[in-house]
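Only one structure is covered here, and it is reproduced in the block below.
Counting convention: from 1, in listed order, for ligands and their atoms alike.
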Amino acid sequence: MKLALITLFPDVIENFKAYGVTGRAVAENKIDLQSFNPRDYATDKHRTVDDRPYGGGPGMVMRCEPLIAAVQAARDWMKDEALVVYLSPQGKRLVQARTEELAVEEQNLILIAGRYEGIDQRAIDNLVDEEISIGDYVLSGGELPALVLIDAILRHVPGVLGHAESAGQDSFSEEALEGGLDWPHYTRPEVFEGQTVPKVLLSGDHKLIEKWRSQQATAKTRKMRPDLILNRKN
Ligand code: 9D3
């Protein structure tokens, strides 16, 4: 999968490309992740990427021309069709099912991260196929949302997760949780400052352990996220 991130702050993706599950995916060529900075495509004397909003008001707006040129550069790099996603507070809220669809259906993604008050509406009209928000809270720009989206998509790309952590692998998978929350996890030591590990986990009785985990997960979900139970498809 090819991913292009349009951003005024290309440095924010460098750590993401270097470390962890995502770093390995880049190293093993499972994904190709490049950033394109609109500032590099601004043609005016001062290489401006933002300007004051028509109609007045606070803040600045990202200009059309550098954005459109940066997206064009991303398209040229991809040499193929791409879905263009604008990370925006006005977007549809991201859910797990959409991350899977994007991973399965799209070969190339261009993600636009906005700064300031957002981007000129004509850039949206000319470029954008889909607007996505990551939730109802105010951030300073689209870079973190873009990384959130990339991370969630990559987990569905074949070969990105190792066998043990694979998304739909066994009874300990994301699928096994069926839209509910996780059970509590414990590792060594068996006693930490007087706090013990639940006895069932030391019993070696895998049937009983599975039952306990399922009960714990259901109780936690009912307490923390009753909406997940009400919206469940089974
Ligand atoms: C305080 C500024 N707001 C004035 C009403 C509007 C506003 C503009 C730009 C609010 C946030 C942003 C920057 N946010 C994003 O670009 C963004 C975002 C978010 O803030 N929350 C959740 N998802 C996303 S996706 C992109």
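- Screening L67, L87, I124, L5 against I112 for a side-chain contact (heavy atoms from CB on, under 4.5 Å) leaves a single residue, L67.
- At a threshold of 4.0 Å, the pair E101-R98 counts as salt-bridged, since one of the basic side-chain nitrogens sits closer than that to a carboxylate oxygen.
- The one candidate from D50, D120, D44 that meets the salt bridge (Lys or Arg N to Asp or Glu O under 4.0 Å) condition with R63 is D44.
- The closest side-chain heavy-atom distance from L147 to E143 is not below 4.5 Å.
- Of the possible polar contacts, one joining the K2 side chain to the W77 backbone as a donor-acceptor pair under 3.5 Å is found.
- Not a single donor-acceptor pair under 3.5 Å links the side chain of K30 to the backbone N or O of V157.
- Among protein residues, L87, S88, P89, Y116, E117, I132, S133, I134, G135, Y137, V138, L139, S140, G141, G142, P145 come within 4.0 Å of ligand 1, judged on heavy atoms.
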